[in-house]
Amino acid sequence: MKPYAYVRARTVEEATAAHAARPGARYLAGGTNLVDLMKHGVETPGTLVDVGRLPLDTVEELPGGALRVGATVRNSDLAAHPLVRDRYPVLSQALLAGASGQLRNIATTGGNLLQRTRCPYFQDTAKPCNKREPGTGCGARDGVHRDHAVLGHSPHCIATHPSDMAVALAALDATVELHGPGGERSVPVTGFHRLPGDHPEDDTVIRPGELITAVVLPPGGDGRVSAYRKARDRASYAFALASVAAVLALDADGTVRDVRLAFGGLAHRPWRARLAEAALLGTAPTEQAVAHAVETELGAARPLRDNAYKVPLARNLARDVLSGLAAAARP
Ligand code: SF4
């Protein structure tokens with residue numbers, strides 16, 4: 001690991017000022033991903049600005065029923081929060097499906113959103129990788145890519161985003177609050193992570209020096225049911241081969257009043273399934289209607305040599321989760 005300077009920030013303003021004053025600085029919170037990448041030489045920040053002790057560690061109900069989750073709330077605390085378990089079970093389930101108990105105890109809400117792909121070529125500085133070193137090529141495209149993207153990939157990068165939590169947040173229409181040199185702004189989670197396009201080195205739309213301060217969940221409840229399901233190579237401590245987060249509400253006549261569906265493990269960002277949602281809205285969620293809707297979305301999949309299995313896997317997960325929610329939501 002290369003030597004680096006360390007600064008502990010006491011306020012958000014102090015953190016962003018320290019970051020701005022030190023080119024190449026990185027924010028450090030739980031460090032569960034960043035420190036690993038530093039050990040591998042993938043990340044080489046000159047300064048770590050420690051934001052882990054900022055007063056951003058609370059979950060607060062806002063007037064109107066939204067929930068504001070501070071950026072340093074630990075994943076295990078968020079998963080266990082009574083309001084999250086009651087109103088947003090999809091989020092609690094997604095958090096508990098991620099990593100290990102030990103990691104969830106230290107990993108933060110903001111850090112979870114910013115974790116980097118686990119593509120093995122990205123993590124190995126001896127291999128070509130456009131994300132780690134733009135212009136060097138994509139080792140995975142003609143190499144080992146069983147775990148890689150089937151939706152939204154580009155000739156420059158076929159990586160997937162590893163977060164479970166972010167997939168649930170995409171299905172919940174959550175927003176990310178940011179504080180940076182240009183002031184404060186909010187970005188929908190669905191627009192926070194990028195597709196790789198020509199610039200796979202940029203995972204998100206975050207601007208230089210910006211710090212995630214919170215994630216806001218819109219009011220939950222109101223007859224909505226939700227669930228997260230994840231397929232992986234082993235029962236715990238493994239990233240999603242494919243996952244599904246879904247939120248569903250039915251009208252009194254049994255037709256779909258609200259549906260939100262997002263896939264994980266299939267793309268460079270949580271993949272919000274807008275086509276499937278449009279196909280289901282206003283219909284009775286029969287098995288045939290659900291199957292048709294899911295097919296409408298996954299018709300855009302472009303599997304690579306060794307990951308075509310992800311399409312039927314995601315299809316079956318989505319059909320099962322949506323049909324289960326429809327049964328649970330029926331009046
Ligand atoms: Fe790098 Fe992306 Fe290719 Fe993996 S898929 S080697 S992260 S460019």
Side-chain angles (χ1 to χ4, degrees), residues 1-2 24 26-27 31-45 98-99 103 107 110-167 170 189-208 230-233 237-243 262-272 298 300-311 313-314:
M1 193 186 284
K2 293 188 176 166
R26 293 293 308 271
Y27 293 120
T32 55
N33 186 210
L34 177 59
V35 174
D36 275 352
L37 293 174
M38 290 171 67
K39 289 177 187 169
H40 291 305
V42 176
E43 295 269 9
T44 54
L103 287 169
N112 191 318
L113 282 174
L114 292 175
Q115 62 178 301
R116 317 262 353 237
T117 184
R118 290 338 194 259
C119 172
Y121 297 85
F122 173 73
Q123 295 177 313
D124 183 346
T125 54
K127 299 283 196 313
C129 172
N130 286 324
K131 183 179 284 296
R132 177 172 31 78
E133 203 176 337
T136 56
C138 172
R141 177 162 278 280
D142 294 318
V144 178
H145 56 232
R146 173 181 172 270
D147 297 345
H148 288 64
V150 296
L151 286 164
H153 51 75
S154 82
H156 304 290
C157 181
I158 55 173
T160 57
H161 193 269
S163 171
D164 295 293
M165 183 195 78
V167 183
V189 167
T190 49
F192 183 71
H193 298 97
R194 295 181 63 258
L195 290 179
D198 294 339
H199 290 283
E201 68 274 19
D202 294 329
D203 290 348
T204 70
V205 299
I206 205 161
R207 295 172 185 155
K230 173 177 178 176
R232 47 188 158 177
D233 279 331
Y237 199 28
F239 294 95
L241 301 171
S243 70
F263 288 107
L266 302 190
H268 196 258
R269 69 181 184 203
W271 187 271
R272 184 70 183 264
L298 292 177
R302 296 289 174 267
L304 304 155
R305 186 194 64 224
D306 293 333
N307 67 357
Y309 75 95
K310 285 195 171 193
V311 180
L313 184 61

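Order of listing sets the numbers, starting from 1, for every ligand and every atom in it. Hydrogens, waters and symmetry mates play no part in the numbers below; they use all other heavy atoms, side chains included. Predicted model, so just to flag it, every value in this text is computed and none were measured. If you read the sequence from its start, that first residue is 1, and numbering goes on from there.
H40 NE2 to F122 CZ: the interatomic distance, rounded to the nearest 0.5 Å, is 10.5 Å.
Close approach of ligand 1 to G139 (heavy-atom distance below 4.0 Å) involves ligand atoms 6 (S). Those atoms of ligand 1 that come under 4.0 Å of a heavy atom in F122, given as number and element, are 7 (S). Of all atoms in ligand 1, listed by their number and element, those nearer than 4.0 Å to a heavy atom of N130 are 1 (Fe), 8 (S).
When each of P134, P196, C129, C119 is checked for a side-chain contact (heavy atoms from CB on, under 4.5 Å) with C157, only P196 meets the rule.
We find that D233 and R146 are joined by a salt bridge, their nearest charged nitrogen and carboxylate oxygen being less than 4.0 Å apart.
T160 has its side chain out of reach of D147: every pair of non-hydrogen atoms, C-beta onward, lies at least 4.5 Å apart. Side-chain atoms of D203 and K131, non-hydrogen and from C-beta on, do get closer than 4.5 Å to each other. Between N130 and E201 there is no side-chain heavy-atom pair separated by less than 4.5 Å.
Counting protein heavy atoms only, atom 6 (S) of ligand 1 is closest to Y121 CB, 3.3 Å. The shortest contact between atom 3 (Fe) of ligand 1 and any protein heavy atom is with C138 SG, 2.3 Å. Among all non-hydrogen protein atoms, the one lying nearest atom 4 (Fe) of ligand 1 is C119 SG, 2.3 Å. In terms of protein heavy atoms, atom 2 (Fe) of ligand 1 is closest to C157 SG, 2.4 Å. C129 SG, 2.3 Å is the protein heavy atom nearest to atom 1 (Fe) of ligand 1. What sits closest to atom 5 (S) of ligand 1 on the protein, heavy atoms only, is I158 N, 3.2 Å.
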Test log, rule side chain to side chain contact (heavy atoms under 4.5 Å, CB included), inputs H193 and H268:
CA-CA 8 Å; H193 298 97; H268 196 258; over 6 Å; no
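Not one N, O or S atom of H148 sits under 2.8 Å from atom 3 (Fe) of ligand 1.
Evaluated by nearest non-hydrogen atom to atom 8 (S) of ligand 1, the leading choice among H268, H145, E133, H156 is H156.
Within 6.0 Å of the OH atom in Y237, the count of heavy atoms belonging to other residues, nucleotides or ligands does not exceed 12.
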